[in-house]
Amino acid sequence: MAEPNVNSNPPEQGDRSALDRQDFLRELVRQDLSDGRITEVVTRFPPEPNGYLHIGHAKAICINFGIARRFGGRCNLRMDDTNPAKEDVEYVDSITADIGWLIAGWADHCLGLKPVGALPERRIVDGRQDFYIAPAAHTDAPAHTGTAPEPFYASDYFEALYEFALQLIRKGKAYVCDHTPEEVDQMRGAPDRPGRESLYRNRSVAENLDLFERMRVGEFPDEARTLRAKIDMSAPNVWLRDPVLYRIRHTAHHHTGDEWCIYPMYDFAHGLSDYVEGITHSLCSLEFEVHRPLYEWILEALDLPRVHPRQREFARLNVTYTVMSKRKLLRLVEEGHVRSWDDPRLPTLSGMRRRGYPAEAIRDFCDRVGVAKRDNLVQLELLEHCVREDLNRHAPRVMAILRPLRLVIENYPDGQVEEMEAINNPEDASAGTRRVPFSRVLYIEKDDFREVPPPKYHRLSPGVEVRLRYAYLITCTGVSKDPNTGEVVEVRAVYDPATRGGDAPDGRRVKSTIHWVSADHAVGAEVRLYDTLFAVENPDNVPEGQDFIQGLNPDSLEVLHDCKLEPSLATATPGARYQFERLGYFCADAEDSRPGAPVFNRTVTLKDTWARIEKRRGKN
RNA sequence: UGGGGCGUGGCCAAGUGGUAAGGCAACGGGUUUUGGUCCCGUGAUGCGUAGGUUCGAAUCCUGCCGCCCCAGCCA
C-alpha cells in the first residue's frame with residue numbers, strides 16, 4: 001500500500017552546494033531510491049525533552065531535515081519521551097521554538113505535519129498487525145512561519161507499542177523477568193564474558209501475557225518486573241543479551257499523565273516509533289551504532305508488513321572552546337557560571353539566537369562541516385566565519401563608540417549641527433542611506449587615538465590627519481590630560497571645511513578613517529562583549545584529577561555601561577542586528593533592551609588585522 | 001584482553017585502482033572613506049605505520065600502532 005506523499009516540493013534552484021553535496025548518508029538514500037526499496041524519503045529528528053537544543057543538535061537537524069528536503073520528502077519532529085522521570089513540557093516548548101527558528105524559511109516545507117490529536121491507526125496488512133500514523137496533507141495546514149511546529153510524540157504510540165510487545169510475547173520472543181536490577185546487572189556478564197540466562201526466561205506465553213497485562217494495570221511496584229527480549233545472553237554485543245523492553249514506573253508523564261505505569265525503553269520504542277511514522281531513514285549519532293542490531297532485531301521479530309526504517313549513524317559535532325554534553329551545560333547553568341540556558345556564551349540554540357547568530361549562518365555551518373564518521377573537533381573560527389559572512393551581507397552599518405574619548409573640533413562653530421549622509425550597507429545598495437548628526441564635540445574610540453603611535457599605527461595621534469567617516473578630514477592638535485592620572489581625557493583637532501563628506505579637493509589621502517558619534521546626540525547604551533566560554537580548546541579533554549569547570553575563561557563576559565550610539569539606535573527593536581562599523585556585529589538584546597535604553601550583545605568581532613599586528617608584536 | 005567503529009595538510013572534508021577537490025585557519029599581494037568586504041596568490045612526492053598484490057595503491061590484502069563507542073530498569 002502506497003502511503004501518500006504529502007510533500008514533493010523539490011529543493012530550490014540555486015541551491016547547488018547542498019544539492020550536490022556528497023556524503024555517505026545521501027549516497028545511501030539515493031541508492032535506496034534508485035533500487036526502488038523506497039519511493040519517498042521520510043526522516044525524523046527525535047530529541048528527548050529533557051534539555052535544551054544546542055549546536056550539536058543543529059547538525060542532526062540539518063542532516064535529517066536537509067536530506068528530506070534534498071529528496072523532496074519530509075522530516076518529523078518527534079519527542080522521544082519514553083522516560084517520564086526526566087522529561088518536562090518546559091523542554092518540549094523550548095525545543096519546538098528553537099526548531100521553528102532554525103528551519104524557518106528553509107525546511108518548513110518538508111516539516112512532517114501531524115494531524116491534530118491523531119493517534120496511530122491500527123490495521124491488518126497481509127494478515128499481519130500494523131500501526132501507522134498518516135501525516136496531515138501539507139495543504140491542510142497553515143504555512144509554517146518560524147513559529148513552534150506541532151511535534152509528534154513517541155508517547156502517543158504507547159498503546160501501539162504495548163500491542164507490539166504483546167505480539168512479541170505471543171511469538172515467544174519476549175518474557176517477563178522478575179530479577180532485581182542488581183541481579184540483571186550481574187547476570188549480564190561482561191563484554192568479554194557471557195552472561196547467564198534469567199531464571200524466568202522460559203515462562204509460558206500464557207504466563208508472560210498474564211504478567212505483562214498485570215504490569216500494565218499497575219499490580220506491581222517499580223522495579224519488580226520487566227519485559228525482556230529473548231535473544232542471546234552470550235552475544236558479544238551486550239545489547240543483545242536479553243535487553244529490557246519495558247520497565248515499571250509509577251510516575252506521571254508530561255504528555256500522557258497517569259495513563260501508564262509501564263514505559264518502553266529507548267531501543268524498543270525508537271525503532272517502532274520510526275516504523276509507525278513510516279520513517280525510511282533513521283539518522284542518528286555514532287554511539288547508537290552498537291544498538292543497530294537490536295533495532296533491526298525488533299523490527300524483524302515482529303514481522304512487520306511495511307518497509308522497515310534503516311538506522312545509520314554519523315559522528316556528532318564538537319566545537320572548540322565549548323562543551324556540548326547536557327550534563328555539563330546543566331552544571332554551567334545551575335552553578336551560575338552563565339546566567340541562563342539562553343546565555344549568549346552558550347552553544348545552545350537559544351543562546352546563539354540571543355547572541356545574534358542568524359539561523360541561516362548556523363545552517364551554513366552545519367553544511368560546511370560535512371557528514372562523516374570520524375570524531376571531530378571543529379574550530380570555532382569556521383562558525384564565526386559563517387556568521388560574519390551572513391551578517392556582512394545583511395546587517396545595516398551604524399556608528400557606535402564602545403569606550404568613549406572626547407574629541408573637540410576647535411575650529412568648528414559651537415552650536416552648529418550638520419547631517420552627514422551615511423551608507424546603510426555597502427553590500428546592499430537597496431538598503432539606502434541615513435543622516436547622522438555631526439557637531440563640535442564628538443566621541444571617538446579610545447583605541448583610535450595614541451599620544452605616541454606605535455609602528456604601523458594609522459589612526460589619530462598628534463599632528464596626524466585622519467578622516468572622520470562620512471564627515472571631514474581632521475588633524476590632531478593636542479590633548480588634555482587628567483592632572484592626577486596623566487590619562488588623556490580629551491583630544492583636540494581642527495577640521496578642513498573643504499573636505500565635507502570625507503574627500504579632499506586637492507586629492508590628498510589619509511591613512512585612516514575612524515568612526516564617531518556626536519556627543520550631544522549620542523544614545524547611552526550598555527554593551528556586552530563576549531569571549532569564548534572556555535579558555536581551553538577542548539574543555540572535554542581535562543587532565544587527570546581536574547574538573548572541566550577549571551577550563552572556564554574568567555573573561556568570557558565584559559559589560560560596558562557607558563557606550564555612545566548614534567541616535568538612530570535609540571529605538572532598536574529587540575533582536576535587531578547591526579554592524580557597528582569597524583568593531584563587529586551587535587544584536588539588540590531581546591530580554592533587556594528598553595526603548596531609549598538599548599542593550600547590545602556583541603555577536604562577533606570584525607576580522608581585525610591591526611589587532612593581529614599588535615599581538616604579533618607582543619610576542620616578539 | 002569481547003564486540004562495534006574510525007585514522008587524508010593546523011581544523012573539517014572529497015576521493016571507492018589511473019597518479020591528492022573544496023572550505024576554514026595561516027601567510028603574501030591588489031582594491032577600499034570600515035586595518036571590514038572583495039579579488040589574486042602560497043601549502044600534502046603525501047593519505048596512521050610496516051609489508052604485500054598490481055604496469056599503477058589513499059583506494060585491494062596482511063600485520064602492527066593510535067583514538068572513539070558499548071556491560072542504565074537513560075536516550
Side-chain angles (χ1 to χ4, degrees), chain A residues 17 21-23 46-48 50 80-83 85-87 177 179-181 184-186 188-195 222-228 235-241 243-249 263 265-267 269-270 284-293 313 315 317 320 326 365 367-386 388-389 392-393 397 399 422-423 426-427 456-459 466-471 473 501-503 509-515 537 579-584 605-613:
Chain A
S17 70
R21 171 158 250 103
Q22 201 65 35
D23 62 62
E48 182 187 18
N50 70 343
D80 211 0
D81 55 350
T82 57
N83 184 356
K86 293 190 167 185
E87 300 152 7
C177 174
H179 284 299
T180 65
V184 170
D185 215 43
Q186 281 174 10
R188 187 161 25 237
D192 55 352
R193 172 168 43 89
D222 290 3
E223 299 191 342
R225 294 181 217 267
T226 57
L227 182 73
R228 291 229 257 163
N237 181 339
V238 294
W239 288 103
L240 260 17
R241 321 247 264 223
V244 171
L245 266 22
Y246 268 90
R247 74 289 217 180
I248 301 171
R249 289 287 177 276
Y263 292 93
M265 296 289 291
Y266 165 83
D267 289 290
H270 200 89
C284 59
S285 47
L286 239 31
E287 64 268 30
F288 294 100
E289 204 160 21
V290 290
H291 292 243
R292 192 153 98 200
E313 312 80 12
L317 171 71
T320 54
K326 239 168 229 176
F365 171 71
D367 198 45
R368 295 204 201 195
V369 139
V371 185
K373 296 186 74 162
R374 49 182 102 103
D375 292 339
N376 59 77
L377 180 58
V378 177
Q379 295 176 330
L380 215 215
E381 285 82 349
L382 179 59
L383 211 207
E384 294 189 329
H385 169 82
C386 295
R388 287 192 186 104
E389 193 173 79
N392 176 52
R393 269 197 306 272
R397 319 281 125 132
M399 292 198 283
I423 294 166
E427 307 294 320
K456 292 187 184 164
Y457 186 83
H458 298 158
R459 282 110 96 149
V466 302
R467 175 165 36 237
L468 291 177
R469 179 139 236 228
Y470 301 126
L473 262 32
D503 286 310
R509 322 265 292 215
V510 291
K511 281 196 159 170
S512 175
T513 299
I514 66 175
H515 61 283
E537 271 214 325
Q579 183 194 103
F580 288 2
E581 290 213 41
R582 303 209 303 130
L583 298 173
T605 61
L606 251 30
K607 284 213 314 213
D608 190 345
T609 312
W610 169 241
R612 223 174 321 171
I613 292 170

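Lettering of chains follows the sequences in order, A, B, ..., and the numbering in each one begins at 1.
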The side chain of A/Arg469 lies closest to which of these nucleotides: B/U34, B/A75, B/G3? B/U34
Worked check of side chain to side chain contact (heavy atoms under 4.5 Å, CB included) between A/Arg469 and A/Arg582: CA-CA 11 Å; A/Arg469 179 139 236 228; A/Arg582 303 209 303 130; over 6 Å; no
Among B/C73, B/A25, B/C6, which nucleotide has an atom closest to any side-chain atom of A/Arg374? B/C6
Suppose we call a contact any N or O donor and acceptor under 3.5 Å apart; does that hold for the side chain of A/Arg393 and the base of B/U37? no
Can you see if the side chain of A/Thr180 gets near the phosphate of B/C73 - specifically, an N or O under 4.0 Å from OP1 or OP2? no
Judged by atom type as modelled, is there a donor-acceptor pair below 3.5 Å linking the side chain of A/Arg247 to the main-chain atoms of A/Asp222? no
Judged by nearest nucleotide, the residue sitting upstream toward the 5' end of RNA chain B, A/Tyr457 or A/Arg292, is A/Arg292
Below 4.0 Å: OP1/OP2 of B/C24 and any side-chain N or O of A/His385: yes
B/G66 versus B/G56 - spacing of their C1' atoms, nearest Å: 30 Å
Should the heavy atoms of other residues, nucleotides or ligands under 6.0 Å from NZ of A/Lys511 be counted, would the total exceed 12? no
Taking atom P in both B/G23 and B/G18, what distance in whole Å separates the two? 24 Å
So which nucleotide from B/U1, B/G23, B/U37 ends up closest to the side chain of A/Arg368? B/G23
Counting just side-chain N and O atoms, does A/Arg612 come under 4.0 Å of either OP1 or OP2 of B/A26? yes
Could you check how far CG of A/Asn376 sits from C1' of B/G23, rounded to whole Å? 15 Å
Between B/G43 and B/G4, how far is it from one P atom to the other, in whole Å? 43 Å
Partner of B/C67 by Watson-Crick or G-U wobble geometry, both contacts under 3.5 Å, or none? B/G5
Quick one: A/Tyr266 OH to B/G72 P, roughly how many Å, whole number? 17 Å
Nucleotide nearest A/Trp239 when distance is taken to its side chain, options B/C70, B/A14, B/U34: B/C70
Can you find a side chain N or O atom of A/Thr320 that sits less than 4.0 Å from OP1 or OP2 on B/C11? no
I need the CG-P distance between A/Asp375 and B/C12, as an integer number of Å. 10 Å
Scan every strand shown for a Watson-Crick or G-U wobble partner of B/C73, both distances under 3.5 Å, and answer none if you come up empty. none
Distance in angstrom units between A/Glu313 CD and B/A75 C1', rounded: 15 Å
Please tell me which of the listed nucleotides, B/U37, B/U34, B/C12, lies nearest to the side chain of A/Glu581? B/U34
Keeping the roles fixed (side chain from A/Thr320, backbone from A/Leu380), state whether a donor-acceptor pair exists under 3.5 Å. yes
Determine if A/His270 stacks with B/A75; use a centre-to-centre distance below 5.5 Å and an interplanar angle below 30° as the criteria. no
CZ of A/Arg388 versus P of B/U37: gap in Å, rounded? 8 Å
Output the single nucleotide from B/C69, B/C73, B/U34 whose closest atom is nearest the side chain of A/Glu223. B/C73
For the base of B/U37, is there a side-chain donor-acceptor partner from A/Glu389 under 3.5 Å away? no
Donor-acceptor pair, side chain of A/Arg241 and main chain of A/Ala190, under 3.5 angstrom: yes
Between A/Arg188 and B/C70, does any side-chain N or O lie under 4.0 Å from OP1 or OP2? no
N/O (side chain, A/Lys511) to phosphate O (OP1/OP2, B/G35) under 4.0 Å: no
Can you check the distance between B/U42 and B/U53, where both ends of the measurement are the C1' atom (answer in whole Å)? 38 Å
Euclidean distance, atom CE of residue A/Met399 to atom P of B/G36 [Å, nearest integer]: 19 Å
Under 3.5 Å, is there a donor-acceptor pair between the side chain of A/Arg397 and the main chain of A/Glu581? no
If the glycosidic angle sits within 90 degrees of zero it is syn, else anti. Tell me which applies to B/G52. anti
Candidate pair A/Glu48 and A/Lys86, rule salt bridge (Lys or Arg N to Asp or Glu O under 4.0 Å), full reasoning: CA-CA 9 Å; A/Glu48 182 187 18; A/Lys86 293 190 167 185; 5.7 Å; no
Might you point out which heavy atoms bring A/Asp503 and A/Arg467 nearest each other, and give the distance in Å? OD1-NH1, 4.5 Å
Is there a stack between A/Trp610 and B/G35, judged by ring centres under 5.5 Å and planes under 30°? yes
Across the strands shown, which category fits A/Tyr263 at heavy-atom distances under 4.0 angstrom: base, sugar-phosphate, nothing? nothing
Measure from the side chain of A/Arg509, starting at C-beta and using heavy atoms only, and say which of B/G15, B/U32, B/A71 lies closest. B/U32
To the nearest Å, how far apart are A/Leu380 CG and B/G23 C1'? 16 Å
Distance between C1' atoms of B/C65 and B/C73 (Å, rounded): 40 Å
Phosphate oxygens OP1/OP2 of B/C74: is one of them under 4.0 Å from a side-chain N or O of A/Arg247? yes
From B/G23, B/G36, B/C70, pick the nucleotide closest to the side chain of A/Val290? B/C70
Considering only the P atoms, how many Å lie between B/A26 and B/U62, rounded to the nearest integer? 43 Å
Between A/Val378 and A/Ala224, which has a closest nucleotide on RNA chain B that is more 5'? A/Val378
Would you mind classifying the nucleic acid contact of A/Lys373 as base, sugar-phosphate or nothing, using non-hydrogen atoms under 4.0 angstrom? sugar-phosphate
Determine the Euclidean distance between corresponding C1' atoms of B/G7 and B/A13; express it in Å to zero decimal places. 14 Å
Examine the base of B/G36 for any acceptor or donor lying under 3.5 Å from a partner atom in the side chain of A/Glu427, and report the outcome as yes or no. yes
Roughly how many Å is it from CD in A/Gln379 to P in B/G9, rounded to a whole number? 13 Å
Looking across every strand, which nucleic acid part, if any, lies under 4.0 Å from A/Ala372 by heavy atom: base, sugar-phosphate, or nothing? sugar-phosphate
Do other residues, nucleotides or ligands put more than 12 heavy atoms under 6.0 Å from A/Lys326 NZ? yes
Residue matched to B/G43 through Watson-Crick or wobble contacts both under 3.5 angstrom: none
Can you tell me how far C1' in B/U49 sits from the matching atom in B/G36, rounded to whole Å? 46 Å
Counting side-chain heavy atoms from CB outward, which of B/C24, B/U37, B/G72 is closest to A/Leu382? B/C24
To the side chain of A/Pro426, which of B/G3, B/G35, B/G36 is closest? B/G36
